[in-house]
Amino acid sequence: MTVRTRIAPSPTGAPHIGTAYIALFNLAFARRHGGKFILRIEDTDRLRSSAASETEIIKALRWLGIDWDEGPDTGGQQGPYRQSERTGIYRDHVNQLWDSGQVYPCFCTTERLQAVRAAQIAAKSEFQGYDRACAGIAATEARRRVDASETHVFRLRSPIDGDCRWQDRLRGEIVVPWAGIDDQILLKSDGYPTYHLANVVDDHAMDISHVIRGEEWISSTPKHVLLYQTFGWQPPEFAHLPLLRNPDRSKLSKRKNPTSILYYREAGFLPDVLLNFLGLVAYSFADGREEFRLTEFIDQFDLDRISLGGPVFDVGKLREFNARRLRALTIDELQERLQQWRLNQNVWTRILEMAQPRLNQLTDLVPMSSFLFADRLPDTTPQLLRQAGDETTQLMERLRLAQWEIEQTTEWTSETVRALFDRVSALENIKLKKLLPVFFITICGAKVSLPLFDSMLLLGRDLCLRRILYAIEDLEAAGCRLGKKQLKALQSRYRDAGSGA
RNA sequence: GCGCCCAUCGUCUAUCGGUUAGGACAUCAGGUUUUCAUCCUGAAAAGCGGGGUUCGACUCCCCGUGGGCGUGCCA
């Protein structure tokens with residue numbers, strides 16, 4: 001059997017460090033066994049998916065040195081590799097199951113579903129999920145309503161008793177009672193497939209032999225196993241990797257850690273070090289080696305050596321690995337790395353264009369632009385407090401709004417940066433000019449600096465986001481915490497303004 | 001609530017029934033260095049609890065406990 005593995009990111013935001021982690025193990029396993037590694041874009045969420053995010057994910061993975069044999073950008077025999085371009089395939093498969101009665105249209109409204117859910121929670125019902133209200137609608141009646149273009153989804157009939165069992169490569173047999181699994185939606189009312197359908201159909205169509213993915217998928221594996229059964233297909237081998245964790249052991253999240261791969265690039269981490277580090281969480285070499293290149297990782301890779309405890313992503317240890325690698329470089333190599341990063345002619349030209357009108361002596365240049373080459377700035381709290389005066393609540397709110405805005409922005413251009421600050425100033429009902437000093441301090445470290453938006457472009461989205469988060473962190477430590485209610489109110493104000501997703 | 005997954009130093013981990021429980025990062029102490037950093041040496045630091053199985057359990061089983069994930073027309 002030919003080994004074929006895949007990484008299947010959803011392009012709904014910044015490229016996530018967890019994607020790289022799962023990708024690395026899939027890549028290594030495929031290469032180790034002379035197989036193929038595939039990139040498939042799971043853009044079935046029409047609302048949240050974006051082409052910009054897909055581009056960023058591809059760029060980020062390539063920056064790390066992760067390469068795939070087939071994918072939306074490289075092509076391949078079993079494409080297309082973007083699920084939005086395969087909707088016809090999913091539709092055909094659902095129709096096939098509809099004909100055989102294993103799938104049925106469901107006409108329940110979102111409101112009814114919410115009500116059912118709320119009632120189940122209120123009644124402390126053991127079963128929580130869809131009540132199968134539409135499962136009993138007569139076939140002819142269902143057909144008629146669908147033909148009449150009544151809004152509907154398609155659901156898969158699931159067993160109501162017995163157990164679903166399968167072998168996980170790393171965890172052995174997993175047994176899940178069917179009773180806890182409801183009739184899953186396969187096709188949404190917009191005609192797009194859900195993850196479950198698209199994933200199974202594509203893994204089969206693309207001859208994926210091993211599904212190596214995050215632990216968060218274990219609980220939906222029965223749905224996938226059921227789909228393979230229903231289609232009469234041989235399921236792939238499953239291996240569920242432990243999830244990366246925050247220091248508090250919750251699932252790695254952007255609120256508590258930098259999770260964007262781009263942050264690590266912008267903040268001066270070497271791609272090979274980051275990849276090396278990712279190969280060390282949840283995994284160890286049989287000979288205890290801790291420093292390695294990708295080729296060495298592949299050569300010795302053994303899927304069964306993965307450990308199952310959820311590893312904390314320790315940025316401190318990553319930094320130390322990065323330091324060691326940096327120090328081991330020759331000066332020429334170091335220069336090369338620096339140029340690849342940000343210290344190059346092109347960037348300097350852009351800086352000079354901004355700096356020239358502000359220069360009195362040549363000596364002004366480097367101090368003036370040093371913030372463009374830093375990760376964390378010296379504590380900006382005193383400056384921010386001075387700027388805010390008594391209005392510290394407002395200050396915190398503005399930082400939060402900017403944070404949320406940046407998190408929503410995947411395209412990072414002068415237009416989008418400008419637009420996000422326009423939205424914040426509209427939301428706060430003040431002029432942009434009045435709003436910006438706070439962000440000059442947060443991003444540039446001083447109220448007086450090089451132009452903010454262009455600086456932000458140079459720094460990159462995720463580093464700017466980090467600086468805002470650093471500022472919030474520091475201010476909170478200084479006692480400027482927004483109350484739970486205040487934060488909630490701000491959130492709903494933000495949502496109502498229509499900026500949020 | 002229900003279901004599932006997991007459990008060794010603070011953190012990442014080794015150990016696949018018999019070890020003084022090993023390494024790495026962080027921490028601390030000492031040494032080298034014009035400062036600092038590097039570098040070297042050393043120290044402190046762990047088997048969640050309770051039952052079994054066994055001549056012998058970190059290792060296998062069960063029950064607790066703790067953590068995580070899932071329970072979406074998100075993936």
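Labels below follow one simple rule: chain letters A, B, ... track the order of the sequence lines, proteins then strands, and each chain is numbered from 1. Since we're looking at a predicted model, the values are computed, not measured. The figures here come from the full heavy-atom set of this structure, side chains too, leaving out hydrogens, waters and symmetry mates.
Separating the C1' atom of B:G18 from that of B:C60 is a span of 15 Å, rounded to the nearest Å. Using atom C1' as the reference point in both B:G23 and B:U15, the two lie 12 Å apart (nearest Å). Atom name P, nucleotides B:C36 and B:U32: the rounded distance is 12 Å, in whole Å. Of the C1' atoms belonging to B:A57 and B:A75, the separation is 42 Å, rounded to the nearest Å. Distance check on atom C1': B:U33 versus B:C40 gives 12 Å, rounded to whole Å. Comparing the P positions of B:U34 and B:A29 gives an interatomic distance of 22 Å, to the nearest angstrom. Using atom P as the reference point in both B:A21 and B:U54, the two lie 25 Å apart (nearest Å). B:A46 and B:A14 are spaced 13 Å apart, taking the C1' atom of each and rounding to whole Å.
Rounded to a whole Å, the CZ atom of A:Phe277 is 11 Å from the C1' atom of B:A24. Here the P atom of nucleotide B:A24 and the CZ atom of A:Phe292 are 16 Å apart, to the nearest Å. Residue A:Asp168 contributes atom CG, which lies 20 Å from atom P of B:G3 at whole-angstrom precision. What separates CZ of A:Arg165 from C1' of B:C5 is a distance of 17 Å, to the nearest Å. Whole-Å rounding puts the A:Phe238 CZ to B:C5 P distance at 15 Å. We find that CG of A:Leu252 is positioned 16 Å from P of B:U11, with the value rounded to whole Å. Atoms CG (A:Asn257) and C1' (B:U11) sit 13 Å apart, rounded to a whole Å. The CZ atom of A:Arg249 sits 12 Å away from the P atom of B:C69 (whole-angstrom rounding).
Look at A:Ser220 and you won't find any side-chain N or O under 4.0 angstrom from OP1 or OP2 of B:G70. Between A:Ser284 and B:A14 there is a side-chain N or O to OP1 or OP2 distance below 4.0 Å. A sub-4.0 Å separation between OP1 or OP2 of B:A75 and a side-chain N or O of A:Arg46 is absent. In terms of phosphate contacts, A:Arg117 brings a side-chain nitrogen or oxygen within less than 4.0 Å of OP1 or OP2 of B:G72. For the OP1/OP2 pair of B:A75 and a distance below 4.0 Å, the side-chain nitrogens and oxygens of A:Thr44 include at least one atom meeting the criterion. Of the side-chain N and O atoms in A:Lys251, one or more sit less than 4.0 angstrom from OP1 or OP2 of B:G70. A sub-4.0 Å separation between OP1 or OP2 of B:A75 and a side-chain N or O of A:Arg213 is absent. One finds a side-chain N or O of A:Arg324 lying less than 4.0 angstrom from the OP1 or OP2 phosphate oxygen of B:C25. For A:Lys188 and B:A75, the shortest distance from a side-chain N or O to OP1 or OP2 is below 4.0 Å. Regarding contacts with the backbone of B:A75, every side-chain N or O of A:Arg40 stays at 4.0 angstrom or more from both OP1 and OP2.
Using the Watson-Crick or G-U wobble rule with both distances under 3.5 Å, B:G66 pairs with B:C6. When Watson-Crick and G-U wobble pairs are counted only if both distances are under 3.5 Å, B:G72 pairs with no nucleotide at all. With a cut-off of 3.5 Å on both Watson-Crick or G-U wobble distances, the partner of B:A37 is given as none. In a base pair of the Watson-Crick type (N1 to N3 plus N6-O4 or O6-N4) or a G-U wobble (N1-O2 and O6-N3), with each distance short of 3.5 Å, B:U53 is matched with no nucleotide. Figure legend. B:U15 is base-paired to no nucleotide; pairs are counted as Watson-Crick or G-U wobble with both atom distances under 3.5 Å.
With hydrogens and angles ignored, a donor-acceptor pair under 3.5 angstrom links the side chain of A:Ser189 to the base of B:C73. A:Gln120 contributes no side-chain N or O that forms a donor-acceptor pair with the base of B:G1 under 3.5 Å.
Among the atoms of the strands shown, none is found under 4.0 Å from any heavy atom of A:Cys164. Residue contacts shown for A:Glu42 are limited to sugar-phosphate atoms, with no base heavy atom under 4.0 Å away. Within the 4.0 angstrom heavy-atom criterion, base atoms lie near A:Val153. Within 4.0 Å (heavy atoms only), A:Gly309 reaches sugar-phosphate atoms of the nucleic acid but no base atom. As judged by a 4.0 angstrom heavy-atom cut-off over every strand, A:Ala282 is placed among residues touching the sugar-phosphate backbone only. In this structure, A:Gln128 reaches the bases: a heavy-atom distance under 4.0 Å links it to at least one base atom across the strands shown. Nucleic acid contact for A:Leu47: none, since no nucleic acid atom lies under 4.0 Å from a heavy atom of the residue.
Of the two residues near RNA chain B, A:Ser125 and A:Lys223, the one whose nearest nucleotide lies more 5' is A:Ser125. Ranked by how close their nearest RNA chain B nucleotide is to the 5' end, A:Glu215 and A:Lys317 are led by A:Glu215.
The number of heavy-atom neighbours closer than 6.0 Å to CZ of A:Arg145, taken from other residues, nucleotides and ligands shown, is above 12. Heavy atoms from other residues, nucleotides or ligands lying under 6.0 Å from CZ of A:Arg46 number more than 12.
The A:Asp314 side chain lies nearest to B:U11 when the options are B:U38, B:U11, B:C69. The side chain of A:Ile218 sits closest to B:C5 out of B:A26, B:C5, B:A75. Listed candidates were B:G3, B:C12, B:C73. Nearest to the side chain of A:Glu290 is B:C12. With B:U13, B:C25, B:U38 as the candidates, the nucleotide lying closest to the side chain of A:Glu320 is B:C25. Residue A:Arg245 places its side chain closer to B:G68 than to any other of B:A26, B:C74, B:G68. Between B:A75, B:U11, B:C73, one nucleotide has an atom nearer to the side chain of A:Thr110 than all others, and that is B:C73. Listed candidates were B:G23, B:A26, B:C5. Nearest to the side chain of A:Ile174 is B:C5. Among the nucleotides B:C69, B:C5, B:A24, the one closest to the side chain of A:Phe321 is B:A24.
Aromatic rings from A:Tyr104 and A:His152 are positioned such that their centres are separated by 6.0 Å or more. The aromatic ring centroids of A:Phe29 and A:Phe25 lie 6.0 Å or more from each other.
The backbone N or O of A:Gln83 lies less than 3.5 Å from no partner atom in the side chain of A:Glu42, so there is not a single donor-acceptor pair. A:Glu405 places no side-chain N or O within 3.5 Å of a backbone atom of A:Leu420 that could act as its donor or acceptor partner.
For the pair A:His16 and A:Leu244, the minimum side-chain heavy-atom distance is 4.5 Å or more.
With A:Phe321 as the aromatic partner, A:Arg324 meets the cation-pi criteria of under 6.0 angstrom to the ring centre and within 45 degrees of the ring axis. Figure legend: A:Arg423 and A:Trp404 shown without cation-pi pairing, the cationic atom not lying both under 6.0 angstrom from the six-membered ring centre and within 45 degrees of its axis.
Residues A:Glu215 and A:Lys251 are not paired through a salt bridge, judged by the lack of any N-O separation under 4.0 Å between the basic side chain and the carboxylate.
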